[in-house]
Q: 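Below is a structure I'd like to ask you about.
Order of the sequence lines fixes the chain letters, A, B, ..., with proteins taken first and strands second; residue numbering starts at 1 for each chain.
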Number of protein chains: 2
Amino acid sequence: MRVLKYAILGLLDHGSLSGYDMTSRFKAELGQFWSAKHSQIYPELKKLTDEGFIEYETVIQGSKLEKKMYSITEAGKRELHGWLTEFKPAPDTVKDEFMLKAYFISSMEPDEAKRLFADQLQKRQEKAAFLKTKLEELKREAGESITFRSPHFGHYLVLTRALERENGYCSWLEKALLLMENDQS
Amino acid sequence: MRVLKYAILGLLDHGSLSGYDMTSRFKAELGQFWSAKHSQIYPELKKLTDEGFIEYETVIQGSKLEKKMYSITEAGKRELHGWLTEFKPAPDTVKDEFMLKAYFISSMEPDEAKRLFADQLQKRQEKAAFLKTKLEELKREAGESITFRSPHFGHYLVLTRALERENGYCSWLEKALLLMENDQS
DNA sequence: CTGGACATGTAATGTGTTACATGATTTG
DNA sequence: CAAATCATGTAACACATTACATGTCCAG
């Protein structure tokens with residue numbers, strides 16, 4: 001499938017970037033839904049260059065430090081467009097280690113299960129709060145009017161989806177905890 | 001991390017299973033949150049046997065067909081319990097190819113983006129409908145009273161979480177589509 | 001002048017999928 | 001008796017993480 005290939009092409013479609021820049025992007029908002037380490041990115045950049053989808057120019061940073069600024073080629077743009085507009089089924093499995101534990105809840109004692117769920121709820125609430133702050137920052141920056149043509153629309157979509165994902169997880173955890181409390185007595 | 005190891009131990013904690021049985025379980029409800037192919041399961045079973053966490057008995061099915069019925073050992077139960085009760089952070093990244101495309105929405109034409117989102121909405125709605133049916137079946141089977149002590153509680157947790165996940169995705173897709181429509185004029 | 005960020009790579013290992021390979025059993 | 005399901009395994013390849021390895025630049 002080579003999704004990393006398309007992630008790189010997509011990032012480069014808005015302007016040139018170094019491998020290091022891409023790593024940073026995967027640590028920021030995009031990282032909610034895709035990420036890769038530099039050890040995976042650098043070989044992929046070499047491969048994409050060989051395939052003619054990207055090209056680079058070596059730039060000197062300071063007096064000695066070389067960095068490679070990559071940009072997308074016309075062939076790369078066609079390749080990206082083909083992937084973007086392709087319909088794909090919703091995945092059967094989205095791996096979630098916590099939910100695997102939840103499935104095995106009968107192998108835990110009630111109080112162990114409650115502690116596990118309470119801990120996860122706290123962590124998800126913290127994450128949701130963090131994402132909410134990021135979304136508010138973005139709204140301030142973009143001036144309240146985010147629509148299709150806004151350069152921040154992709155960023156906005158990712159943040160709203162991630163926030164809803166965490167909020168949905170939290171409300172489910174709360175419901176599950178309630179079921180466990182009711183059973184206890 | 002070896003999550004598959006714990007998935008197998010968790011499955012075996014309720015009774016003995018063959019490798020084939022485990023493959024079937026990963027295709028059913030548990031597959032919403034974890035899965036593995038038989039080509040990954042069989043080597044893992046061998047490894048877990050060598051490590052002393054599981055053991056097997058060869059059973060003859062029919063007149064010739066040999067199958068290995070695996071069961072969990074005391075050491076395996078301790079190992080499972082340690083994993084189950086261990087607190088873990090919420091993951092930074094949950095990979096989602098569709099959301100990667102959404103992030104790159106500015107590289108698409110408005111009508112291309114709308115078609116993509118509409119297609120995904122339809123597929124997620126179908127999946128939600130399927131999960132809803134499964135949940136209703138489970139409720140009928142379990143007699144409306146699912147609490148911690150119910151043998152179906154793990155199954156119930158997985159189905160309710162998967163259903164909410166899909167419903168949340170759908171409502172986000174609808175909101176995104178509305179934003180795109182409003183912008184169009 | 002030092003610590004953190006910038007910058008790029010490879011090696012080893014772990015995880016997961018697809019393909020190859022074989023055979024028995026059950027149901028229609 | 002044919003097709004679907006049951007049943008187990010290995011090989012090759014693809015994808016991903018951790019560790020190894022090196023060096024520059026900038027701000028305090």
Q: Report the nucleotide, chosen from D:dT10, C:dC6, C:dT8, that has the shortest atom-to-atom distance to any side-chain atom of A:Ser18.
A: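 Closest nucleotide among those given: C:dT8.
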Q: So, do B:Tyr42 and B:Tyr20 have ring centers that fall under 6.0 Å from each other?
A: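 No, too far apart.
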Q: Taking only Lys NZ, Arg NE, NH1 and NH2, and the carboxylate oxygens of Asp or Glu, determine whether B:Arg115 and B:Asp119 approach each other closer than 4.0 Å.
A: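 A salt bridge is absent here (no side-chain N lies under 4.0 Å from a carboxylate O).
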Q: Specify the separation, in whole Å, of atom NZ of B:Lys46 and atom P of D:dT8.
A: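 Atom NZ in B:Lys46 sits about 14 Å away from atom P in D:dT8.
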Q: Figure out the CD1/C1' separation between A:Ile41 and C:dT8, and round it to whole Å.
A: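 Checked: the CD1 to C1' distance equals 11 Å.
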Q: Quick check: on DNA chain D, is the nucleotide nearest A:Arg2 upstream (toward 5') of the one nearest A:Ser39, or the reverse? Name the residue that is more 5'.
A: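 Of the two residues, A:Arg2 wins.
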Q: C:dA24, OP1 or OP2 - any side-chain N/O from B:Lys64 closer than 4.0 Å?
A: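 Answer is yes, contact under 4.0 Å.
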Q: Whole-Å distance between D:dA16 P and B:Glu97 CD?
A: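 Value for this atom pair: 10 Å.
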Q: Indicate whether OP1 or OP2 belonging to D:dA7 is found under 4.0 Å from a side-chain N or O atom of B:Gln61.
A: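 B:Gln61 to D:dA7 OP1/OP2: side-chain N or O found under 4.0 Å.
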Q: Reckon B:Lys67 has a side-chain N or O less than 4.0 Å from the OP1 or OP2 of D:dA7?
A: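 Answer yes for this pair, as a side-chain N or O of B:Lys67 is under 4.0 Å from OP1 or OP2.
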Q: From CG of A:Leu65 over to P of D:dT22, roughly how many Å is that when rounded to an integer?
A: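 These atoms are roughly 17 Å apart.
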Q: Any donor-acceptor pair under 3.5 Å linking the side-chain atoms of B:Ser18 with those of B:Asp21?
A: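 There is such a pair (donor and acceptor under 3.5 Å, judged by atom type) between the side chains of B:Asp21 and B:Ser18.
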Q: Tell me, with the steps shown, if B:Phe148 and B:Tyr156 meet ring pair (Phe, Tyr, Trp, His ring centres under 6.0 Å).
A: CA-CA 10 Å; B:Phe148 188 91; B:Tyr156 176 81; over 10 Å; no
Q: Tell me: CD of A:Gln40 to P of D:dC15, nearest whole Å?
A: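 Distance, rounded to whole Å: 9 Å.
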Q: Can you tell whether the side chains of A:Arg2 and A:Glu51 come within less than 4.0 Å, N to carboxylate O?
A: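 Yes, A:Arg2 and A:Glu51 are salt-bridged.
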Q: Nearest-Å distance, CD (A:Glu66) to C1' (C:dG9)?
A: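 The distance from CD of A:Glu66 to C1' of C:dG9 comes to 13 Å, rounded to the nearest Å.
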Q: Expressed as a whole number of angstroms, how long is the span from A:His38:NE2 to C:dA5:C1'?
A: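 That distance rounds to 14 Å.
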Q: Does the side chain of A:Ser63 get closer than 4.0 angstrom to OP1 or OP2 of D:dT24 through an N or O atom?
A: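 No, outside the criterion.
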Q: Ignoring backbone atoms, establish whether A:Tyr20 has a side-chain N or O less than 4.0 Å from OP1 or OP2 of C:dT8.
A: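 For C:dT8, neither OP1 nor OP2 has a side-chain N or O of A:Tyr20 closer than 4.0 Å.
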Q: Would you indicate, yes or no, if D:dA16 has its OP1 or OP2 atom less than 4.0 angstrom from a side-chain nitrogen or oxygen of B:Lys95?
A: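 True: B:Lys95 side-chain N/O within range (under 4.0 Å) of D:dA16 OP1/OP2.
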Q: Looking at the side chain of B:Lys68, which of C:dG16, D:dC25, D:dT8 is the nearest nucleotide?
A: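 Among the listed nucleotides, the one closest to the side chain of B:Lys68 is D:dT8.
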Q: Please pick, from D:dT10, D:dT8, C:dA7, the nucleotide with the shortest atom-to-atom distance to any side-chain atom of B:Tyr42.
A: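 The listed nucleotide nearest to B:Tyr42's side chain is D:dT8.
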Q: Whole Å only: how far is the CE atom of A:Met1 from the C1' atom of C:dG16?
A: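 To the nearest whole Å, that distance equals 14 Å.
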